[in-house]
Amino acid sequence: MTVTLVPPPAPQPPAVADPLDVLGVAGQVNLDYAATAPCARAAADAVAELLPWYASVHRGAGALSRRCTLAYERARQTVGDFLGARADDHVVFTRNTTDALNLLARALPAGTTVVTFGGEHHANLLPWPRGSVRLPVPPDPAGAVRALDAALGELRRQAPSGPRGAQQGPPVLVAVTAASNVTGERWPVAELARVARRHGARIAVDAAQLAPHAPVDVAALDVDYLTLSGHKLYAPFGAGVLVGRADWLDAAPPYLAGGGATSHVGAATHDVRWATGPARHEAGTPNLLGAVALAAVCTALADADRAALHDAEQALLTRLREGLAALPHVLELRMFGPAAPRVGIVSFVVAGRDSTEVAAELATTYDIGVRDGLFCAHPLARRLLDEAAARAGQRDLPPTALRASIGLGSTTGHVDRLLAALAALA
């Protein structure tokens, strides 16, 4: 008898995890990305790799401290490159978008007039000084451009004249979101920046909701400042960023006074020279792991096919919106027309049902997580609820809304599960 020896199968290389895979819990449907996105594999791996080396940043001569300092500064460069920062821009790490906008508010030259819209998140409404101008929510993106042009023109007319009749006056800063955290609708940032530039104003952009869904480039948009949060960009380790012009930041008192923000502290109480550059506003031990996690996600997104990711998300968003529109008594909230460009965020109400109760039932009965409330944008959300009631002729809408938001890791199964649950509840 002849025995044929069969060689064992060749070992297969281990599957390589996609750095943009997101972590989660089996069975739970997370549709609350706009509040806090799940952690991307890239962020988790970067943190796990650095943790054994975890040590002081900028404060030690040992090998661990040197490695952590290098990782932190490399993260700054990576995030700046990802956001298209100019060579002379500062990239300042903060806790989140709210922290970054408050930092910018503290750095404004005396007398600065800030112009915002009523459609902003509280983070872009509340930090600004008294005397700020809040424009009404426009009917469409073009209306936003017209309204800003008119407002800045009026501010220029009110400004005193300088030598040879040149208009002079305190600085003006336009502060606007790139995508609404309530409706997902995108704002015409590039067009608003051109208007601001024409009137000699600066512009700051809250990109917290746009950056997870589409490329954002400070130089290409020609904006002066840009902010975002790591926890919305799949790096939930408590880091945000303010990117922008150096002059106002270097001239302002430090956002926080303390170690790391100084170049010299003398014996006298006020004998202090503050650092220039990002360190001026990063006093204390920095959030190394947050910065590294954010940079890792930026790298993964920069290497990905953003157009393909966008198309997949838009298809999923269309499925969600069309499914909601087909449900009786469900009304979507919107600022602009139904076809306005938007990211993966939809807010809606179920007529005759309290939104808090609906969210609780979705969680406890169907293992689906959505957001309920007014989404830290109370003036806008209340206005949109009133407009939805008027459009539909409904008098039984609840005082708050529901929000479903999607991103990396969201599937048609997740969307269909939400739609089926809402159909059962409604």
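Everything numeric in this text was worked out from a predicted model, so none of it was measured.
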As a test of understanding, state which of Arg280, His281, His90 forms a side-chain hydrogen bond (donor to acceptor under 3.5 Å, both in side chains) with Asp250. His90
Test your reading of the model: is there a side-chain donor-acceptor pair from Asn181 to the backbone of Phe375, 3.5 Å cut-off? yes
Positive for side-chain contact (heavy atoms from CB on, under 4.5 Å) with Thr183, one of Leu384, Val346, Ile345: Leu384
To the nearest 0.5 Å, atom CD of Glu120 lies from atom OG1 of Thr177 at 5.5 Å
Mind running side-chain contact (heavy atoms from CB on, under 4.5 Å) on Leu148 and Val115 for me, showing each step along the way? CA-CA 8 Å; Leu148 181 63; Val115 181; 4.0 Å; yes
To the nearest 0.5 angstrom, please state how far the CG atom of Leu83 sits from the CG atom of Leu221. 10.5 Å
Taking CZ in Arg59 as the centre, count heavy atoms belonging to other residues, nucleotides or ligands within less than 6.0 Å. Is the count above 12? yes
Heavy atoms from other residues, nucleotides or ligands near NE2 of His329 exceed 12 (cutoff 6.0 Å): no
Once you measure the plane-to-plane angle for His378 and His122, does it fall in the parallel (<30°), tilted (30-60°) or perpendicular (>60°) bin? perpendicular
Run Leu301 and Leu233 through side-chain contact (heavy atoms from CB on, under 4.5 Å) and show every step you take. CA-CA 10 Å; Leu301 285 171; Leu233 196 66; 4.0 Å; yes
Would you call Asp18 and Arg41 a side-chain contact if the rule is heavy atoms closer than 4.5 Å? no
In plain terms, say whether Arg403 and Glu332 are close enough for a salt bridge, that is, a side-chain N and a carboxylate O under 4.0 Å apart. no
Within the side chain of Asn287, is there an N or O that forms a donor-acceptor pair under 3.5 Å with the backbone of Phe237? yes
Does CZ in Arg342 sit with more than 12 non-hydrogen atoms of other residues, nucleotides or ligands closer than 6.0 Å? yes
In terms of ring plane angle, is the pair Phe93 and Tyr72 parallel, tilted or perpendicular, where the classes change at 30° and 60°? tilted
Less than 4.0 angstrom from a charged side-chain N to a carboxylate O is my criterion; do Arg382 and Glu387 meet it? no
Taking all non-hydrogen atoms of both residues into account, name the closest pair between Ala105 and Pro127 and its distance. CB-O, 3.5 Å
Just checking, any donor-acceptor pair under 3.5 angstrom between side chains of Arg245 and Tyr225? no
Taking atom types as modelled, find out whether Tyr255 and Asp99 have a side-chain donor-acceptor pair closer than 3.5 angstrom. yes
Count the heavy atoms belonging to other residues, nucleotides or ligands that lie under 6.0 Å from CZ of Arg197, then report whether that count exceeds 12. yes
Would His213 and His310 count as a close aromatic pair, with their ring centres under 6.0 Å? no
Check the pair Leu101, Leu126 against side-chain contact (heavy atoms from CB on, under 4.5 Å), reporting the backbone distance first and the verdict last. CA-CA 10 Å; Leu101 289 168; Leu126 304 183; over 6 Å; no
Among side-chain atoms of Asp149 and His199, is any donor-acceptor pair under 3.5 angstrom? yes
Counting only heavy atoms not in Tyr54 (residues, nucleotides, ligands), do more than 12 fall under 6.0 Å from its OH? no
Any donor and acceptor pair, going by atom type alone, linking the side chain of Thr112 with main-chain N or O of Leu108 inside 3.5 Å? no
May I ask you to check if Arg134 and Trp128 form a cation-pi contact, with NZ or CZ under 6.0 angstrom from the six-membered ring centre and within 45° of the axis? no
N-O pairing of Asp396 and Arg353 below 4.0 Å: no
Could you tell me whether Arg334 atom CZ has more than 12 heavy atoms of other residues or ligands within 6.0 Å of it? yes
So, does Ser355 use its side chain to make a donor-acceptor pair with the main chain of Thr400 at under 3.5 Å? yes
Do you know the tightest heavy-atom contact between Ala211 and Leu228? CB-CD2, 3.8 Å
Donor + acceptor pair across side chains of Gln77, Glu73 (<3.5 Å): no
Pairing donors with acceptors under 3.5 angstrom, does anything connect the side chains of Asp372 and Thr356? yes
Any side-chain to backbone donor/acceptor pair from Ser180 onto Glu185? Under 3.5 Å, distance only. no
Nearest non-hydrogen partners of Ala44 and Leu23, listed with the distance: CB-CD1, 4.0 Å
Please check this pair: side chain of Ser347 against backbone of Val182, looking for a donor-acceptor N/O pair closer than 3.5 Å. yes
Do Leu31 and Ser405 have side chains that approach each other closer than 4.5 Å (heavy atoms only, starting at C-beta)? no
Shortest non-hydrogen contact from Gly169 to Ala159? CA-CB, 4.3 Å
Applying the side-chain contact (heavy atoms from CB on, under 4.5 Å) test to Val176, which of Ile203, Leu135, Thr116 qualifies? Ile203
Any salt bridge between Arg86 and Asp217, counting N to O under 4.0 Å? no
Donor on one side chain, acceptor on other, His414 and Asn30, under 3.5 Å: no
Is the side chain of Ser229 donor-acceptor paired with the backbone N or O of Asn96 at a distance under 3.5 Å, no angle test? no
Nearest heavy-atom pair of Ala196 and Val174: which atoms, and what distance? CB-CG2, 4.2 Å
Donor-acceptor check, side chain of Lys232 to backbone of Ala34, threshold 3.5 angstrom: yes or no? yes
Is there a donor-acceptor contact under 3.5 Å from the side chain of Arg417 to the main chain of Tyr366? yes
CD of Gln28: more than 12 outside heavy atoms within 6.0 angstrom? yes
From Ser132 atom OG to Leu125 atom CG, the distance as rounded to the nearest 0.5 Å: 10.0 Å
Under 3.5 Å, is there a donor-acceptor pair between the side chain of Arg76 and the main chain of Val91? yes
